[in-house]
Amino acid sequence: MKISTWNVNSVRARIENIKKYIKDSSPDIILLQEIKTEEKNYPFDDFKKLGYESYVNGQKSYNGVSIISKKKLKNINISLPGDTIKQSRLISTEIKIKNKIIDLINIYVPNGNPVDTEKYYYKINWLNLLIKFLKKKIDNENQIIITGDFNILPEDIDVHAPEKYVNDALFRIEIRKKYREIINLGLIDVFRHFNKKEGNYTFWDYTQGSWQKDNGLRIDHMLISNSLIELVKKIEIKKKIRSQDKPSDHVPLECTFT
DNA sequence: ATGGCAGAACATTTCTGA
């Protein structure tokens, strides 16, 4: 069972890259963020032709998340309880791996810059609501896979120039503490669990020659319940995708379970 | 301090992103 997460920066602008990725890598489930389209303009047929079903929480122009799956999925949810602003940033479902029933949650966390503005407070509030949402599931003994674009740099080694990011909404202590809070609910950062080295990024800015200089950020994550770690065979960042024509500024993060 | 690039839409300019 291969599960992949990818912020594609528009599903329509990226459709050829996504189709190529699917053909090359054949993941069972792909979780997309920043699809930047409403459901009515979502390219359902392109994925259908490759044998995938899509489940969409869309929005015009901005945000938007979807799940693409080889098998049909049940219990689709698109709401984050308490979020009154209602941007399309979450979609979840239920899957089974080795007879374990698992909540699979796809998120696109608000960026939050500039700090100390409405956008920043929205990020803090959204993360607080997410923590509540997760805590309820965990108190209920649900097993969880939560993955997507967290817009959080967990540690110094996740950013090429940490000193430049100390007061950035992706790296502020207050924001990193929220990430710790999520981990402390009983989750493991799967990539970091298997890779302790710096310089493993999932995003490179389009500007300033960031890709050429390898000035990246690790902001896309896959967190899983502690009890699921024994099911993980491998996890990798598909870095090469960033060097394609018309790339997204993020690359896929791919996790293979038994 | 600014803008560098990219995508979408109330589109030849403005907004959002990280």
Side-chain angles (χ1 to χ4, degrees), chain A residues 5-19 32-43 46 56-66 85-90 106-127 130 147-176 178-179 191 198-221 237 239 241-253:
Chain A
T5 175
W6 191 7
N7 178 324
V8 288
N9 185 20
S10 171
V11 68
R12 287 181 291 166
R14 214 66 59 215
I15 191 67
E16 292 309 318
N17 303 44
I18 301 170
K19 279 157 70 175
L32 299 182
Q33 303 88 39
E34 271 204 275
I35 60 172
K36 289 188 169 177
T37 183
E38 293 171 293
E39 188 162 353
K40 64 178 182 189
N41 294 321
Y42 183 92
D46 291 81
V56 178
N57 180 10
Q59 185 182 328
K60 194 187 263 191
S61 301
Y62 307 116
N63 315 311
V65 287
S66 73
I85 294 183
K86 295 198 187 310
Q87 297 180 353
S88 299
R89 297 181 173 278
L90 183 146
N106 179 22
I107 57 167
Y108 175 46
V109 177
N111 172 295
N113 277 311
V115 294
D116 299 329
T117 63
E118 214 169 298
K119 288 183 180 180
Y120 185 74
Y121 303 131
Y122 176 51
K123 181 178 194 174
I124 294 281
N125 185 52
W126 200 92
L127 287 169
L130 179 70
T147 184
D149 179 356
F150 281 66
N151 270 320
I152 299 176
L153 295 155
E155 298 176 275
D156 277 15
I157 54 171
D158 297 312
V159 47
H160 63 278
E163 69 284 354
K164 287 184 184 162
Y165 281 79
V166 281
N167 204 26
D168 190 285
L170 278 61
F171 195 52
R172 251 199 186 179
I173 290 292
E174 186 181 22
I175 296 294
R176 290 155 68 186
K178 295 294 170 200
Y179 192 78
F191 187 84
E198 61 183 345
N200 287 294
Y201 306 131
T202 62
F203 165 90
W204 294 261
D205 200 290
Y206 286 124
T207 71
Q208 299 162 307
S210 299
W211 167 244
Q212 289 74 12
K213 296 177 200 161
D214 197 27
N215 289 345
L217 308 174
R218 191 177 75 96
I219 51 178
D220 300 273
H221 307 298
I237 297 169
K239 188 172 178 179
I241 300 276
R242 187 63 178 76
S243 60
Q244 288 177 336
D245 283 344
K246 269 190 65 136
S248 169
D249 39 8
H250 298 249
V251 296
L253 171 66

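Because the structure is predicted, anything quoted here is derived from the model rather than measured. Chain letters run A, B, ... following the sequence lines, proteins first and then strands; every chain starts at 1.
Side-chain atoms of A:Asp149 and A:Gln33 form no donor-acceptor pair, as typed in the model, at a separation below 3.5 Å. There is a side-chain donor-acceptor pair under 3.5 Å between A:Asn9 and A:Lys36.
To the nearest angstrom, P of B:dT2 lies 15 Å from CD of A:Gln208. The interatomic distance linking A:Arg172 (CZ) with B:dA18 (P) rounds to 18 Å, in whole Å. Following rounding to the nearest Å, A:Leu32 (CG) and B:dG7 (C1') show an atom-to-atom distance of 16 Å. Protein atom CH2 of A:Trp211 is 14 Å distant from nucleotide atom P of B:dA6, rounded to whole Å. The nearest whole Å value for the distance from the NZ atom in A:Lys246 to the P atom in B:dC5 is 16 Å. As a whole-Å value, the separation of A:Phe203 CZ from B:dA18 P is 7 Å. Atom CG in A:Asn17 sits about 13 Å away from atom C1' in B:dA6, given to the nearest Å. A:Asp205 places its CG atom 13 Å from the P atom of B:dG7, with the value rounded to the nearest Å.
As rounded to the nearest Å, B:dA11 and B:dT2 have C1' atoms that lie 25 Å from one another. Taking atom P in both B:dC10 and B:dC15, one finds a spacing of 14 Å when rounded to whole Å. B:dA1 sits 28 Å from B:dT12 when the C1' atoms are compared, rounded to a whole Å.
Annotation: A:Gln212, atom CD; neighbour count of heavy atoms from other residues, nucleotides and ligands within 6.0 Å is above 12. More than 12 heavy atoms of other residues, nucleotides or ligands lie within 6.0 Å of CD in A:Glu38, so this atom counts as buried by the packing criterion.
Contacts of A:Thr147 classified as side-chain hydrogen bond (donor to acceptor under 3.5 Å, both in side chains), with partners at least two apart in sequence or in another chain: none.
Cation-pi geometry between A:Arg242 and A:Tyr201 is not satisfied (NZ or CZ under 6.0 Å from the ring centre, within 45° of the ring normal).
Each of A:Ala13 and A:Pro110 was matched to the nucleotide of DNA chain B holding its nearest heavy atom; the match closer to the 5' end belongs to A:Ala13. Taking for each of A:Thr207 and A:Ser10 the nucleotide of DNA chain B with the nearest heavy atom, the 5'-most of the two is the partner of A:Thr207.
In this structure, A:His160 and A:Leu217 have side chains that are in contact, with non-hydrogen atoms separated by less than 4.5 Å.
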Could you write out each protein N or O paired with an N or O of nucleotides 12-17 of chain B at a distance under 3.5 Å?
residue	atom	partner	partner atom	Å
B:dG17	OP2	A:Lys119	NZ	3.3

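At B:dG7, one or more side-chain N or O atoms of A:Arg14 fall inside 4.0 Å of OP1 or OP2 (strictly under the cut-off).
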